[in-house]
Amino acid sequence: MLKTIPEVIAKARESLTIMTVEEAMLLAKEKNGVVIDVREPSEYAEKSAEGTINIPRGLLEMKMLQRYPNEEQAIFLHCATGARAIFSAEQLKRVGYLNVTVITSSLDDICNAWC
């Protein structure tokens, strides 16, 4: 039986660490975390939060393993709506990262908070 994207996202959220941008900012600073924007480069160029790193979802696992080989690296993921960040978090956990968090705030809130 096929599932809808909202159903898949709801199920995935159960096993992920999810927080608002305010919570994530504090924790990222405390843990020297990296904030990854998993949107496409053209979306990132149009509007992005200061200090974030753009690694599109399609390249995430390969790029992360090259750039951040420490499985305990604190990683904070976001996108425009949360869907791609949730799928990305699942993938990073699958390859072995232990400290992956999804930021659920809107892109505007992330951009405003991260300046």
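Just so it is clear, the values below take in all heavy atoms, side chains as well, and ignore hydrogens, waters and symmetry mates.
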* Contact check, side chains of D37 and E43, non-hydrogen atoms, under 4.5 Å -> no
* With the 4.5 Å side-chain cut-off for hydrophobic clustering, are I86 and L92 part of the same group? -> no
* Heavy-atom check, side chain of E23 versus side chain of T101, under 4.5 Å -> no
* Can you check whether Y97's main-chain N or O pairs, donor with acceptor, with Y68's side chain at less than 3.5 Å? -> no
* Asked: Is there a path of hydrophobic side-chain contacts, each under 4.5 Å between heavy atoms of I, L, V, M, F, W or Y residues, that connects L98 with M19?
  -> no
* **Value rounded to 0.5 Å, distance of OG in S106 from NE2 in H78** => 10.5 Å
* To do: Write down the atom of L16, the atom of E90, and the distance for their closest heavy-atom approach.
  => CD2-N, 4.2 Å
* **With Y44, the side chain to side chain contact (heavy atoms under 4.5 Å, CB included) member among I53, T52, I55** => T52
* Side chains of S42 and E40: is there a donor and an acceptor less than 3.5 Å apart? -> no
* Report the distance from atom OG1 of T20 to atom CD1 of I18, rounding to the nearest 0.5 Å. => 11.5 Å
* Structure fact -> Between E22 and S105, the two heavy atoms sitting closest are OE1-OG, 4.5 Å
* Asked: Applying the 4.5 Å side-chain criterion to the ILVMFWY set and letting contacts propagate, would V38 and I5 be lumped into a single cluster?
  -> no
* **Minimal non-hydrogen separation, C79 against R84, with atom names** => SG-N, 3.6 Å
* **Residue list, salt bridge (Lys or Arg N to Asp or Glu O under 4.0 Å) with K11, at least two apart or on another chain** => E14
* Group every Ile, Leu, Val, Met, Phe, Trp and Tyr by side-chain heavy-atom contacts under 4.5 Å, then state whether I103 and L27 land in the same group. => yes
* salt bridge (Lys or Arg N to Asp or Glu O under 4.0 Å) partners of R57, counting only residues at least two apart -> none
* Asked: Given side chains that start at C-beta, do those of N99 and F76 come closer than 4.5 Å, heavy atoms only?
  -> no
* Hey, are the side chains of L60 and F87 touching, using non-hydrogen atoms and a 4.5 Å cut-off? -> no
* Asked: Is there a donor-acceptor pair closer than 3.5 Å between any side-chain N or O of K47 and the backbone N or O of L107?
  -> no
* Asked: Taking NZ, NE, NH1 and NH2 as the nitrogens, is one of them in R39 or E46 under 4.0 Å from a carboxylate oxygen of the other?
  -> no
* Taking a hydrophobic cluster as the set of Ile, Leu, Val, Met, Phe, Trp and Tyr residues connected by side-chain heavy atoms closer than 4.5 Å, whether directly or through intermediates, do V35 and V102 fall within one such cluster? -> no
* Structure fact -> I75 and L77 have their tightest heavy-atom pair at CG2-CD2, 3.8 Å
* Shortest non-hydrogen separation from V95 to E61 and the atoms involved -> CG1-CG, 4.2 Å
* Structure fact -> Nearest heavy-atom approach of P41 to N54 is CA-OD1, 3.4 Å
